[in-house]
Amino acid sequence: MKIYNTLTNSLEEFNTIKENEVNMYVCGPTVYSYIHVGNARPLIVFDTLRRYLEYRGYDVNFAQNFTDIDDKMINRANEEGVTVKELAAKFIKAYEDDAKALNVLPADFKPRATDHIGDIIKMIKTLEAKGLAYKTEDGVYFDTLAYEKYGKLSGRKLEDMKSGARVAVDENKKAPSDFALWKSEKPGEPSWGSPWGKGRPGWHIECSAMSMKYLGETFDIHGGGTDLIFPHHENEIAQSEGTTDKPFVNYWMHNGHINVNNEKMSKSLGNFFTIPDIAEKFDLEVLRFFMLGVHYRSQVNFSFELMEQSNQGLNRLYTAKLRWEDMAQDGSPSDEMKEAVQKAKDSFISDMDVDLNTAGALGALFELVRSANFLLDTSNNGADAKLALDTLNELSDVLGILYRDMRVLPDDVKELAQKRVQARADKNWALSDELRDRINEMGYIVEDTSDGQKVKKK
RNA sequence: GGCGCCAUAGCCAAGCGGUAAGGCAGAGGUCUGCAAAAUCUCCAUCACCAGUUCGAUUCUGGUUGGCGCCUCCA
């Protein structure tokens with residue numbers, strides 16, 4: 001298996017630290033609002049990676065944090081007239097609901113920054129003792145000039161950054177690239193006691209402290225969006241390796257961003273879609289399928305038109321799945337089907353093995369559908385249908401799709417469907433067509449097959 | 001100014017040295033009460049120029065056109 005490592009900017013053979021075990025950490029959300037389509041990408045990408053690693057036999061320990069204290073949290077809590085804690089509770093719940101709807105498996109560890117203040121303080125003390133941190137009036141800062149390896153992830157040099165026009169000027173800091181480890185208390189803000197006075201942790205330090213606490217001082221994979229490479233992940237490396245003098249992470253993986261109408265999503269442009277916005281128009285499985293259709297490192301353009309295309313593609317998969325379920329029987333499958341299934345599996349794995357090529361893997365699924373349908377059209381072999389179905393289920397489960405039950409029908413739909421069966425028996429085509437249209441308007445599709453009428457969700 | 005990415009059919013998208021997976025949309029055939037589903041057939045020389053090579057969409061250089069990061073951000 002190969003993984004593209006941002007640290008070396010190259011495709012590398014994936015070797016774990018412990019045999020058959022993968023420890024991975026993905027930066028989670030700041031829980032001050034509903035997540036948007038962009039936030040959904042790392043969720044889907046790294047959940048798929050986790051599923052694939054498990055499929056390949058690894059024991060995966062997956063940690064994802066919640067940032068439940070920072071400027072955005074404080075501002076939003078004030079705006080809404082609630083405490084930071086209440087705000088966090090509300091949006092952690094919303095996040096977990098969305099993750100579930102996206103068929104994302106729960107992380108093994110879901111640490112919150114505010115539950116780890118002690119670990120964070122301990123780490124800052126070590127950095128201070130090693131001369132990598134210094135105290136100012138408004139907090140404690142990491143001394144980037146004192147840490148010679150600063151910039152190794154992003155490939156940035158401190159000199160280059162100084163020439164940039166947009167580096168914030170701060171009188172208290174020794175260098176513009178220095179970042180806060182601890183922020184001194186301001187009136188009305190939540191705070192915790194520390195050797196540097198009351199205050200709260202800076203943003204970057206929580207990920208270092210919590211990831212190492214749950215996964216070890218050196219772990220296998222750390223993921224997040226490309227925008228986090230600098231400064232967040234760069235800073236995590238500096239803090240962590242500065243503290244332990246050991247390599248922090250072996251493989252850094254970054255997913256590309258999502259654009260809307262070819263523009264970066266932003267509130268000022270108003271091209272912002274939250275997950276609840278999307279769920280109004282499409283089942284979130286469609287969003288997952290849509291994202292799997294593009295390599296995770298590429299930028300993707302989001303639009304509802306593309307969602308419709310994806311919905312159609314997903315439907316093709318579901319149609320095959322339901323058809324095979326109806327046909328499946330125990331028995332020994334034909335050599336032709338065995339061969340078709342093996343081919344699909346091989347190509348699925350060889351695609352996924354190279355830096356999680358989910359788009360290619362999806363292609364393997366569609367090829368399985370075509371070749372199996374072709375065989376079933378003539379053979380009508382129940383054992384073949386079962387083999388094809390089992391394979392489809394196995395592979396689609398790795399991608400986290402085809403999990404919805406498309407057969408559940410509301411009573412009113414069922415009733416109309418029943419009437420239509422009678423109408424057809426009576427050869428009353430006009431009534432039969434009318435009923436089909438009505439069922440259609442309710443969001444269900446009616447098909448007449450050789451074994452009778454089938455009704456399913458659109 | 002610094003760092004980096006991308007350019008494949010109407011749309012989306014894999015592939016990345018040996019003459020282009022897959023999906024959506026479209027056209028035609030089979031099947032069907034009609035449809036739907038399924039299936040078969042058809043639908044691209046990979047932005048442009050130059051080079052390396054027996055051979056390039058795939059490597060190198062350049063041109064043009066998009067985009068991202070450098071500030072909170074997935």
Side-chain angles (χ1 to χ4, degrees), chain A residues 6 9 26-30 32 35-46 67 70-72 75 151 154-157 159-168 176-177 203 223-232 234 254-259 262-267 289-290 292-301 303 305-317 319-320 322-323 347 351 354 357-378 424 427-430 432-433 436-437 440 445-450 453-454 456:
Chain A
T6 309
N9 256 298
V26 176
C27 291
T30 300
Y32 72 110
I35 61 168
H36 58 252
V37 225
N39 297 301
R41 177 117 97 144
L43 264 170
I44 294 166
V45 165
F46 293 105
T67 297
D70 81 336
D71 291 343
K72 290 193 295 286
N75 293 339
S154 55
R156 267 171 240 277
K157 298 188 189 83
E159 310 86 74
D160 294 342
M161 293 181 349
K162 277 183 216 162
S163 62
R166 299 192 292 174
V167 173
S177 52
W203 172 41
T226 48
D227 56 316
L228 295 180
I229 295 173
F230 190 89
H232 187 238
E234 192 68 72
H254 296 278
N255 63 271
H257 270 200
I258 290 179
N259 291 166
N262 292 310
E263 286 176 312
K264 183 181 171 170
M265 271 195 300
S266 78
K267 287 182 180 167
F289 178 87
F290 166 72
L292 292 173
V294 188
H295 187 92
Y296 77 90
R297 282 192 285 119
S298 309
Q299 279 181 186
V300 225
N301 197 229
S303 74
E305 193 190 330
L306 293 172
M307 283 288 281
E308 188 48 47
Q309 284 191 13
S310 293
N311 191 214
Q312 289 307 320
L314 225 205
N315 275 158
R316 177 168 162 81
L317 258 24
T319 301
L322 297 184
R323 178 186 185 205
S347 104
D351 282 329
V354 180
N357 183 356
T358 53
L362 237 27
L365 248 49
F366 281 105
E367 279 175 60
L368 170 68
V369 167
R370 185 166 43 75
S371 55
N373 269 330
F374 176 70
L375 292 173
L376 293 171
D377 262 6
T378 49
R424 291 194 73 232
K427 295 200 191 295
N428 185 346
W429 308 128
S432 151
D433 290 351
R436 179 166 62 200
D437 290 343
N440 213 274
I445 296 169
V446 181
E447 292 169 9
D448 299 313
T449 73
S450 52
Q453 176 180 281
K454 298 269 156 64
K456 62 171 190 178

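As rounded to the nearest Å, B:rA9 and B:rU45 have C1' atoms that lie 11 Å from one another. Nucleotides B:rG23 and B:rA44 place their C1' atoms 16 Å apart, quoted to the nearest Å. For the P atom pair drawn from B:rG4 and B:rG62, the interatomic distance equals 14 Å after rounding to whole Å. Across the C1' atoms, B:rA13 and B:rC6 are found 14 Å apart, a figure rounded to whole Å. Here, B:rG15 and B:rA21 have their P atoms 14 Å apart, quoted to the whole Å. Spacing of P atoms, B:rA14 relative to B:rU8, comes out at 11 Å, to the nearest Å. Using C1' as the reference atom, B:rC46 and B:rU41 are 24 Å apart when rounded to the nearest Å. Remark: the separation of the P atoms in B:rG17 and B:rG26 is 36 Å, to the nearest Å.
Contact of A:Asp227 with B:rG68 (side chain to base): no donor-acceptor pair of N or O atoms is detected under 3.5 Å. Side-chain N/O atoms of A:Ser432 and base N/O atoms of B:rG33 include a donor-acceptor pair closer than 3.5 Å. Judged by distance alone, with hydrogens and angles left aside, A:Asn301 brings no side-chain donor or acceptor close enough to the base of B:rC12 to form a pair under 3.5 Å. Judged by distance alone with a 3.5 Å cut-off, a donor-acceptor contact links the side chain of A:Arg436 to the base of B:rA35.
In this structure, B:rA37 makes no Watson-Crick or G-U wobble pair, since no nucleotide meets both defining distances under 3.5 angstrom. In this structure, B:rU32 makes no Watson-Crick or G-U wobble pair, since no nucleotide meets both defining distances under 3.5 angstrom. Here B:rC46 sits opposite no nucleotide as a Watson-Crick or G-U wobble pair (both hydrogen-bonding atom distances under 3.5 Å). With a cut-off of 3.5 Å on both Watson-Crick or G-U wobble distances, the partner of B:rG1 is given as B:rC70. Across every strand in view, B:rG55 sits unpaired, with no contact that passes the Watson-Crick or G-U test at under 3.5 angstrom. Across all strands shown, the partner of B:rU64 is B:rA7, judged by Watson-Crick or G-U wobble contacts whose two distances both fall under 3.5 Å.
The aromatic ring of A:Trp429 sits over the base of B:rG33, with ring centres less than 5.5 Å apart and planes tilted by under 30°.
Residue A:Asn373 places its side chain closer to B:rU39 than to any other of B:rU39, B:rA37, B:rA74. In the set B:rU39, B:rA14, B:rA37, the nucleotide with an atom closest to the side chain of A:Thr319 is B:rA37. For A:Val294, the listed nucleotide lying nearest its side chain is B:rA14; candidates were B:rG23, B:rG68, B:rA14. Among B:rC73, B:rA14, B:rG22, the nucleotide with an atom closest to any side-chain atom of A:Ala359 is B:rA14. The side chain of A:Ile445 lies closest to B:rA36, out of B:rA36, B:rC34, B:rU39. Of the listed nucleotides (B:rA74, B:rG33, B:rA14), B:rA74 has the atom at the smallest distance from the side chain of A:His257. You'll find that the side chain of A:Asp433 is closest to B:rC34, out of B:rG23, B:rC34, B:rA14. Across B:rC73, B:rG22, B:rA38, the shortest atom-to-atom separation from the side chain of A:Lys264 is found for B:rC73. The side chain of A:Phe230 lies closest to B:rC70, out of B:rC72, B:rA74, B:rC70.
The CZ atom of A:Phe290 lies 5.0 Å from the CG atom of A:Leu306; values are rounded to the nearest 0.5 Å. If you take CG on A:Leu292 and OG on A:Ser310, they are separated by 9.5 Å, rounding to the nearest 0.5 Å. Residue A:Leu317 holds its CG atom at 5.0 Å from CG of A:Leu365, rounded to the nearest 0.5 Å.
When the P atom of B:rA36 is taken as reference, atom CG of A:Asp437 falls 13 Å away, rounded to whole Å. In this structure, CG of A:Leu362 is placed 13 Å from P of B:rG15, rounded to the nearest angstrom. In this entry the distance linking CD of A:Glu367 with C1' of B:rG15 reads 12 Å, nearest Å. In this structure, the CG atom of A:Asn440 is 11 Å from the P atom of B:rA37, given to the nearest Å. Atom-to-atom, NE2 of A:His254 to C1' of B:rC5 comes out at 14 Å; the value is rounded to the nearest Å. Rounded to whole Å, the distance from CG on A:Leu292 to C1' on B:rA21 is 17 Å. In this entry the distance linking CD1 of A:Ile44 with P of B:rA74 reads 15 Å, nearest Å. B:rA13 atom C1' lies 15 Å from atom CG of A:Leu365, rounded to whole Å.
Closest-nucleotide positions on RNA chain B for A:Val300 and A:Arg424 were compared, and the one nearer the 5' end corresponds to A:Val300. When the nearest nucleotides of RNA chain B are assigned to A:Ala320 and A:Gly38 by heavy-atom distance, the more 5′-ward of the two goes with A:Ala320.
By the 6.0 Å contact criterion, CZ on A:Phe366 is enclosed, its count of non-hydrogen atoms from other residues, nucleotides or ligands being greater than 12.
Using a 4.0 Å heavy-atom distance criterion, A:His36 is classed as a base contact. The residue A:Asp448 sits close to a base: some heavy atom pair falls under 4.0 Å. A:Val26 comes within contact range of no nucleotide atom at all, as no heavy-atom separation falls under 4.0 Å. Within the 4.0 angstrom heavy-atom criterion, base atoms lie near A:Ile258.
In this structure, A:Asp433 does not pair ionically with A:Arg424, as no charged nitrogen and carboxylate oxygen lie closer than 4.0 Å.
Residue A:Asn259 has no polar side-chain atom (N or O) positioned under 4.0 Å from OP1 or OP2 of B:rG68.
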side-chain contact (heavy atoms from CB on, under 4.5 Å) evaluation trace for A:Val369 with A:Arg316: CA-CA 9 Å; A:Val369 167; A:Arg316 177 168 162 81; 4.1 Å; yes
Intermediate values then yes/no, side-chain contact (heavy atoms from CB on, under 4.5 Å), A:Thr226 and A:Asn255: CA-CA 6 Å; A:Thr226 48; A:Asn255 63 271; over 6 Å; no
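Between A:Val294 and A:Gln299, every side-chain heavy-atom pair lies at or beyond the 4.5 Å cut-off. Using a 4.5 Å heavy-atom cutoff, the side chains of A:His232 and A:Cys27 are in contact.
Between A:Gln309 and A:Glu305, the side chains place no donor N or O within less than 3.5 Å of an acceptor N or O (distance only, hydrogens not considered).
For the side-chain contact (heavy atoms from CB on, under 4.5 Å) criterion with A:Glu447, the lone passing option out of A:Lys456, A:Gln453, A:Arg323 is A:Lys456.
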Identify all pairs in which a protein N or O lies below 3.5 Å from an N or O of nucleotides 7-11 of chain B, and state each distance.
unit_1, atom_1, unit_2, atom_2, d
B:rC11, O2', A:Gln309, NE2, 3.3
B:rC11, O2, A:Gln309, OE1, 3.2
B:rC11, O2, A:Gln309, NE2, 3.3

